[in-house]
Amino acid sequence: MYTISLPDGSQREMPVGSTPADVAAAIGPGLAKAALAARVDGEVRDLGRPFEGDAELALITSRDEEDALELARHDFAHVLAEAVQAIWPGTQITFGPSTDDGFYYDVMAPEGRDPFGMDDLPKIEEKMREIIKADKPLRREAWSRQALIDKWKADGETFKAEWAAELPEGEELTVYWSGDDWMDMCRGPHLPSTGKLDPAAFKLMRVAGAYWRGDQANAQLTRIYGTGWLNKKQLAAHLHRLEEAGKRDHRKLGREMDLFHLQEEAHGSVFWHPKGYKIWRELEAYMRRAMDGGGYEEIKTPQVMDARQWEKSGHWGKYRENMFVIPDEVPNVEDEGPVISGDADWMALKPMNCPAHVQVFKQGITSYRDLPIRLGEMGCCHRNEPHGALHGLMRVRQFTQDDGHIFCTEDQVVEETRKFCQLAARVYADLGFEKFAIKLATRPEQRFGSDADWDKAEQELRDAVADAGMATEEFGWEELPGEGAFYAPKLEWHLTDAIGRTWQVGTIQSDRVLPERLDATYVGEDGGRHRPVMLHRAIFGSYERFIGILIENYAGKLPVWLAPTQAVVAPIVSDIDGYASEVLGRLEAAGIRCEADLRNEKINYKVREHSLKKVPHLLVVGKREQEEGTVAIRTLGQKDQRVMSLDEAVALLTAEATAPDLR
RNA sequence: GCUGCUGUAGCUCAGUGGUAGAGCGCGUCAUUGGUAAUGACGAGGUCGGGAGUUCAAUUCUCCCUAGCAGCACCA
């Protein structure tokens, strides 16, 4: 007999060979029916898997939402694969995990058939529902590695065979049967039967290409994505959330609010409209103040440099395919012949600012007494990004960084990094992001520099974050092995937005490679030449992307200090136009970005239109207001209005329009 | 770059092998109204670009290009 301990502290003696399902049945038929899986000594397992000794058991039901969702999504993925193979025999299956909101399965369409498309999804969904409704038992079975490889090969499942062959030799592998006509290799655990899934709680969302094992050199499979939940209500709620996220899309809001546009002739580069550029200018002014206050000196460096400079820095060899290269010659102006001869020297648009900053540092002789030197630049960079990567403001080919490079001694690295941590935290808080995570990306496989330098650099970053008091769970502190840049480890700042999404923005990297390659030195206390350490750092990352993030975070309803138009004065009847202009004049004199809407439209119309444009304050004026020298302020997102004197209104708007660091 | 999908008026989108439609927006006129759409009339499109099939292509086929979703990439 085994002793099974339950969460309520009770114990049951169960015969050898019994299973969690038996315990559930022994407790009561209701629980037996509701049980989905079991947590045995902390590990989630199948209900039907026998105990292997005394155990602590907790039965999992749909009330244990996290576990139940994980199980359901994993099972949806298997049902998806089974359905695809049932409809199109000869389809190869590969891999299908659960995701944050559902599941996917990577499949390879049978030879001679095009990859699956959106049109195929309804048919697959229907088959999936059939499988679920058939309530097929899911049964775990152990196989030897070799038997399984042979089975996959016999079935023509080359991907599965390849995968099984790479698992450790002699290891016992498990498969799961769905009924007795379909199986997949899987560690499990699974629900007891497909009928435990709710056929109305999933939806196939899209298809996409995905490389076998995530490697571009491998075959491209079709990845079928679905979202899966415990019940219909949860699915509906999720679809609603997606819809809400769609409403925040910065591309949509950018058009509606007339902030910027993109067009074919300059794809990946942004046309900023007057309203959008007002946000930019406000942010830039804010960042200038922040960097001035942090001891940075702003510079401006060339947009185009000789390719030899990029060879020295190492970028030419590693990133040339993503650089815009320009021939250093006069183009052929004749009608005939190629525009460029082909034997010209090459120049390149800068993809980053750091090599130029080293050139500034290198002018003259720097003493250790001058360090640290902090150079800042609103640096406009170009990167020839792969076409498929471009995405609104989030991934562009021309962008401006709030870039900075700190040249310092070995002894100053930790302190400078600590200061940066604090500066970044201040900036994010000022911009309304209450939550962020700091992560350390450590050495990648391909890298420059010695292991000793990497050891040191990584430890310095750890120490600096600890010194700043931010190496804690509260700050989401964690390490990302292998994610660093080729020349340096980096700290990354990940913001959490209003609907829980995260965005990587700021970074600091401690670099000993570039000063070496570009021969930057300073004179030390001993009179000898020494290498400075170079800290690459940015807080916004790129203005384009950061503005995109702000738009999505605020769903377009930017705080007043950032809003392109901070107030609109709207007279109710045209007799009041004169007073409206007077109000406008007062606001303008106070430096408020404002407009008067004197159009021949009803007040309802004006309220609606400016609300849709996310103008924070609408100052409505009618006969009453004119007589009393007041305005009726309607604030975005509020239904009621506040009537106040013009002086009070100016004071209120001025206060709200003041940047947080100037309050 | 890879896979799938899409490209029709300023915007959102219908539609068709016989050279196009709606709503909003825009213009004109009327209306002077109290907090999310006043009404009427009007202008506006080489149906992303190129080639092919056809008597005829916005529609069918191919190529290119851009966008969307994902993958890969992201110094």
Side-chain angles (χ1 to χ4, degrees), chain A residues 104 106 109 114-121 205-225 249 251-252 255-256 258 261-268 310 313-323 350-355 381 383-392 394-396 399 401 444 447-448 483-488 490 504 507 509 511 513-514 536 541-542 545 570-577 600-613 618-625 632-636 638-641 643:
Chain A
Y104 66 80
D106 288 347
D114 286 340
F116 300 109
M118 289 292 283
D119 298 345
D120 297 316
L121 298 186
M205 302 298 282
R206 57 181 163 262
V207 293
Y211 300 107
W212 168 236
R213 295 161 160 248
D215 188 336
Q216 211 167 347
N218 291 339
Q220 185 153 30
L221 312 166
T222 305
R223 177 169 297 177
I224 302 173
Y225 280 93
D249 190 313
R251 294 164 299 186
K252 182 169 151 24
R255 196 165 39 240
E256 289 171 2
D258 194 18
H261 86 270
L262 295 155
Q263 70 184 50
E264 200 167 322
E265 290 77 3
H267 68 107
W310 301 110
S313 68
H315 295 96
W316 191 255
K318 199 159 170 57
Y319 288 105
R320 190 169 66 233
E321 63 176 340
N322 292 318
M323 289 167 70
K350 69 172 166 186
M352 53 188 351
N353 306 299
C354 37
C381 297
R383 293 181 187 175
N384 198 346
E385 301 283 3
H387 290 189
L390 300 176
H391 179 86
M394 299 304 185
R395 189 81 178 268
V396 288
F399 56 93
Q401 295 177 314
R447 57 182 182 262
F448 290 168
E483 302 265 315
F486 71 92
Y487 52 80
K490 59 182 177 186
Q504 203 234 297
T507 181
Q509 304 155 11
D511 179 8
V513 173
L514 200 61
H536 306 246
S542 105
R545 184 173 138 89
I572 290 167
V573 293
S574 55
D575 292 350
I576 313 298
D577 285 1
N600 177 13
E601 295 292 351
K602 288 186 169 181
I603 196 63
N604 284 313
Y605 183 91
K606 294 180 183 178
V607 167
R608 177 181 155 81
E609 181 157 299
H610 298 297
S611 299
L612 290 174
K613 298 263 186 204
L618 192 60
L619 276 57
V620 177
V621 289
K623 210 162 261 170
R624 257 193 332 262
E625 286 74 17
I633 298 190
R634 184 189 164 116
T635 297
L636 187 61
Q638 292 173 12
K639 281 263 186 303
D640 54 339
Q641 43 187 312
V643 178

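Here is the naming used below: chain letters follow the sequence lines, and residue numbers restart at 1 for every chain.
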Look at the side chain of A:Y225 against the base of B:G4 and say whether a donor-acceptor pair falls under 3.5 Å; ignore hydrogens and angles. no
Kindly say whether, by distance alone, the side chain of A:T222 makes a donor-acceptor pair under 3.5 Å with the base of B:U3? no
With the side chain of [X] defined as its heavy atoms from C-beta on, choose the nearest nucleotide among [options].
X      : options             : answer
A:K490 : B:A75, B:A69, B:G34 : B:A75
A:Y605 : B:A66, B:C26, B:U35 : B:C26
A:K602 : B:A36, B:U65, B:G33 : B:G33
A:K639 : B:A69, B:U35, B:A36 : B:A36
A:R255 : B:A69, B:U38, B:U12 : B:U12
A:N604 : B:C74, B:G70, B:U35 : B:U35
A:R206 : B:U38, B:C73, B:G70 : B:G70
A:R634 : B:C71, B:C73, B:A36 : B:A36
A:S574 : B:G34, B:U32, B:C74 : B:U32
A:I603 : B:A36, B:C68, B:G34 : B:G34

Which whole-number value in Å describes the distance from [X] [atom1] to [N] [atom2]?
X      : N     : atom1 : atom2 : value
A:L121 : B:A69 : CG    : P     : 17 Å
A:I633 : B:G34 : CD1   : P     : 21 Å
A:E256 : B:C24 : CD    : C1'   : 12 Å
A:D575 : B:U32 : CG    : C1'   : 7 Å

Classify the nucleic acid contact of [X] as base, sugar-phosphate or nothing, counting any heavy atom under 4.0 Å across all strands shown.
X      : result
A:Q401 : nothing
A:H391 : sugar-phosphate
A:K623 : base

Is there a side-chain contact between [X] and the phosphate of [N], meaning an N or O under 4.0 Å from OP1 or OP2?
X      : N     : result
A:H267 : B:A66 : yes
A:H387 : B:A66 : yes
A:H261 : B:G10 : no
A:R320 : B:A75 : no

Could A:D215 and A:R213 be called an ion pair, given the rule that one side-chain N must be under 4.0 Å from one carboxylate O? no
Under 3.5 Å for both distances, Watson-Crick or G-U wobble, that's the pair rule; now give the dot-bracket for RNA chain B, with | marking pairs to another strand and [ ] for crossing ones. (((((((..((((....[..)))).(((((.......))))).....(((((..]....))))))))))))....
Spacing of the C1' atoms in B:A56 and B:U65 (rounded, Å): 27 Å
Does the plane of the ring in A:H315 sit parallel, tilted or perpendicular to the ring in A:Y487? Use 30° and 60° as the thresholds. perpendicular
